[in-house]
*Asks:* 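Sharing a structure, written as structure tokens. Questions coming.
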Amino acid sequence: MRVAVIGAGIGGLCAAIGLDGGGAEVTVFEQAPEVRAGGSGISVFGNGLRALDEIGMGEAFRAVSSAQAAAIRGGQRRPDGRWLARSPMDALSELRVVDRAPLHELLRSALPARAVRTGARVTAAGPSGEVTWTPGGGEERRERFDLVVAADGIGSRIRRSLPHDPGVAYSGYATWRGITDRPVDLRGEAAETWGTRKRFGIAPLDDGRVYWFAVLTSDRDERFADDRAALTEHFGSWHDPIPELLAATAADRISFLPIDELAGPLPSFVHGRIALLGDAAHAMTPNLGQGGGQAMEDAATLAALFAPVAGSAAVPEPVVHASLARYDSLRVGRTQTVTRRSRMVGRLAHTPGPRLTWARDVLIRAMPSSALRRQLAWLQDWTPLG
């Protein structure tokens, strides 16, 4: 079968690898002139690891990722360093943290060079499997595929052309992200620290460097002339090693991005022979660290569903529709539940005002670890076909 994957992000590449491994003829369309990672670090939980295992990339991923995050103390702290809650370490035994750049390169290298077309801008995809695209500096072309996987991100051109597109909404907060230039001793702790309308997260990489993020309630269009100065103003007085992490990060390794999400749930991720995947289908806030993991799940599910026919010369329309209907039933409910829970965590973390922050902290301290363990178990207890 012929498969078009639109977008060479993590989800798109995982889908391409899984379908290619099943025998499909896969073409990845990437409008950028080269395939490269965006952002800085990414956390992959047990469900993401299982998805990578399903497409044959689990062991290779383990070789380039850090298991340290699962071996050190985590949870929530106050800006003065006092603990609010500790994460149950046994529920995070599979957690891995990796720099996005080597992960992206790992996934790209798993595909044959002929499978990826860079500088290829897809302008339309039809329910019959027709893809309209333009090569860099060339004339518009059309090709027909048995399956079209739209993995073109939160601003997905394909999703916007389909019925019921909810559009995109601002979450109310934005984030700085960075990776230190050198190793920093975390002293066995890597918590997320919650203040009033802002928070700071820490995750170790395998070489001792640290991926960190700082989240601030702000207007959608707010920008800072000097990101380092703004970070120091908001987080420079917080507990160690937060000031050291900021000092150990070069200015060009710091990015700032407003956090958007889909404005509402899509009733379906499928339209004819088109399947939406990852942020194109369910862009969510990053508060549970599940954006990448859910895209990996989408990819592994598609690969598993089409495995029986991926090596066929062509796939009849009823077979495609039946497989995609199953994809919808497996993915819509789960991803939208994760989306809602992630949004709730963000609202709790960015509680406005000192009094409500105090009440939130009391609530967190009173929450039994068993409740968090159940939440983490539900997130990570996943298999491709349910």
Side-chain angles (χ1 to χ4, degrees), residues 1-7 9-28 47-48 50-57 125-131 145-154 156 158-159 161-166 262 265-284 290-312 314-339 379 381-386:
M1 65 182 289
R2 297 191 72 219
V3 178
V5 177
I6 304 170
I10 288 174
L13 291 176
C14 285
I17 292 166
L19 290 160
D20 176 79
E25 179 189 337
V26 179
T27 301
V28 180
N47 56 311
R50 272 183 285 285
L52 290 169
D53 284 334
E54 288 289 333
I55 64 170
M57 295 301 296
S128 64
E130 185 178 80
V131 171
F145 296 86
D146 297 297
L147 172 66
V148 178
V149 180
D152 50 342
I154 187 171
S156 172
I158 307 306
R159 187 194 66 244
S161 71
L162 302 182
H164 312 300
D165 171 35
L262 289 194
L266 278 168
S268 173
F269 297 165
V270 170
H271 185 62
R273 290 179 179 262
I274 299 171
L276 298 175
L277 180 147
D279 283 352
H282 46 70
M284 63 187 69
Q290 279 291 316
Q294 292 304 305
M296 292 173 183
E297 286 187 15
D298 292 346
T301 300
L302 273 179
L305 288 168
F306 281 94
V309 296
S312 304
V315 184
E317 190 169 352
V319 175
V320 174
H321 287 176
S323 298
L324 290 182
R326 179 68 173 145
Y327 174 72
D328 236 12
S329 69
L330 289 167
R331 300 305 302 153
V332 172
R334 174 167 166 82
T335 56
Q336 291 179 357
T337 299
V338 175
T339 297
L379 278 174
D381 184 17
W382 168 86
T383 55
L385 301 182

*Asks:* Could you list all the salt bridge (charged side-chain N to carboxylate O under 4.0 Å, His left out) pairs where at least one residue sits in residues 314-324, not counting sequence neighbours?
*Replies:*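 Residue pairs with at least one partner in residues 314-324: there are none.
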
*Asks:* With a 4.5 Å cut-off on side-chain heavy atoms, are V332 and L266 touching?
*Replies:*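 In short, these two side chains do not touch, never coming nearer than 4.5 Å.
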
*Asks:* How about H321: does its NE2 atom have over 12 heavy atoms from other parts shown lying under 6.0 Å from it?
*Replies:*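 Buried by this count: over 12 neighbours within 6.0 Å.
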
*Asks:* If I compare all heavy atoms of V3 with all of A24, which pair ends up nearest, and what's the gap?
*Replies:*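 Smallest interatomic distance, heavy atoms only, reads CG2-CB, 3.9 Å.
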
*Asks:* Restricting to ring-ring contact (aromatic ring centres under 6.0 Å, His included), what partner residues turn up for F306, sequence neighbours left out?
*Replies:*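 Expected list: none.
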
*Asks:* D328: what forms a side chain to side chain donor-acceptor pair (under 3.5 Å) with it, not counting sequence neighbours?
*Replies:*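 Once residues adjacent in sequence are excluded, the partners of D328 under the side chain to side chain donor-acceptor pair (under 3.5 Å) criterion are S268.
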
*Asks:* Just wondering, do P163 and H271 contact through their side chains at under 4.5 Å, heavy atoms?
*Replies:*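 Touching, per the 4.5 Å side-chain cut-off.
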
*Asks:* Could you list the residues that satisfy side chain to side chain donor-acceptor pair (under 3.5 Å) with S128, not counting sequence neighbours?
*Replies:*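 Checked S128 against side chain to side chain donor-acceptor pair (under 3.5 Å); zero matches.
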
*Asks:* So I158 and I274, do their side chains get closer than 4.5 Å, heavy atoms only?
*Replies:*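 Counting from C-beta outward, I274 and I158 do come under 4.5 Å.
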
*Asks:* May I ask you to test the L147-L324 pair for a side-chain heavy-atom distance under 4.5 Å?
*Replies:*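 In contact.
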
*Asks:* Could you pull out the closest heavy-atom pair between R50 and D381, with the gap in Å?
*Replies:*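 That would be NH2-N, 4.1 Å.
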
*Asks:* Run the side chain to side chain contact (heavy atoms under 4.5 Å, CB included) test against D279 and tell me which residues pass, sequence neighbours left out.
*Replies:*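 Counting only residues at least two positions away or on another chain, D279 forms a side chain to side chain contact (heavy atoms under 4.5 Å, CB included) with I154, A283.
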
*Asks:* Under 3.5 Å, side chain of Y327 to main-chain N/O of L276, donor-acceptor pair present?
*Replies:*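 It does hold such a pair.
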
*Asks:* For the CE atom of M1 and the CZ atom of R273, what is their distance to the nearest 0.5 Å?
*Replies:*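 These two atoms lie 8.0 Å from each other.
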
*Asks:* Any side-chain to backbone donor/acceptor pair from Q336 onto P267? Under 3.5 Å, distance only.
*Replies:*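 No, the answer is negative, given that no donor and acceptor are paired below the 3.5 Å cut-off.
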
*Asks:* Grab the two heavy atoms, one from A304 and one from P384, that are nearest each other, plus how far apart they are.
*Replies:*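 What the structure gives for the nearest pair is CB-CB, 4.1 Å.
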
*Asks:* How about T335 and D298: do any of their side-chain heavy atoms sit closer than 4.5 Å?
*Replies:*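 Yes, their side chains come closer than 4.5 Å.
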
*Asks:* Holding to side chain to side chain contact (heavy atoms under 4.5 Å, CB included), I want the full list of residues that pass it with D53, two or more places apart in sequence or in another chain.
*Replies:*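 D53 satisfies side chain to side chain contact (heavy atoms under 4.5 Å, CB included) with R62 only.
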
*Asks:* Partners of R159 by side chain to side chain donor-acceptor pair (under 3.5 Å), sequence neighbours excluded?
*Replies:*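 Expected list: D165.
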
*Asks:* Restricting to non-hydrogen atoms, name the atom on A300 and the atom on I55 that form the minimum distance, rounded to 0.1 Å.
*Replies:*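 So the minimum-distance heavy-atom pair works out to CA-CG2, 4.1 Å.
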
*Asks:* Using side chain to side chain contact (heavy atoms under 4.5 Å, CB included) as the criterion, list what pairs up with A16, not counting sequence neighbours.
*Replies:*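 A16 satisfies side chain to side chain contact (heavy atoms under 4.5 Å, CB included) with V5, V26, V28, L111 only.
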
*Asks:* To the closest 0.5 Å, what do you measure between CG (D20) and CG (L13)?
*Replies:*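 D20 atom CG to L13 atom CG measures 11.5 Å (nearest 0.5 Å).
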
*Asks:* Measure the NE2-CG distance between H282 and L262 for me, rounded to the nearest 0.5 Å.
*Replies:*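 Interatomic distance, H282 NE2 to L262 CG, rounded to 0.5 Å: 9.0 Å.
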
*Asks:* Among all residues two or more places apart in sequence or in another chain, which pass the side chain to side chain donor-acceptor pair (under 3.5 Å) test with E297?
*Replies:*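 E297: side chain to side chain donor-acceptor pair (under 3.5 Å) contacts with N47, Q294, R331, R334, W382.
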
*Asks:* Is D146 reaching over with its side chain to a backbone N or O of A314, donor-acceptor style, under 3.5 angstrom?
*Replies:*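 Not a single qualifying donor-acceptor pair exists.
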
*Asks:* Of the non-hydrogen atoms in A310 and G22, which two are nearest, and what is the gap between them?
*Replies:*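 In terms of heavy atoms, the two residues are closest at CB-O, 3.4 Å.
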
*Asks:* Listed by chain and number, what are the side chain to side chain contact (heavy atoms under 4.5 Å, CB included) partners of A307, not counting sequence neighbours?
*Replies:*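 Listed in chain order: nothing, the list is empty.
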
*Asks:* Which heavy atom of L52 sits nearest a heavy atom of C14, and at what distance?
*Replies:*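 Heavy-atom minimum between the residues: CD2-SG, 4.0 Å.
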
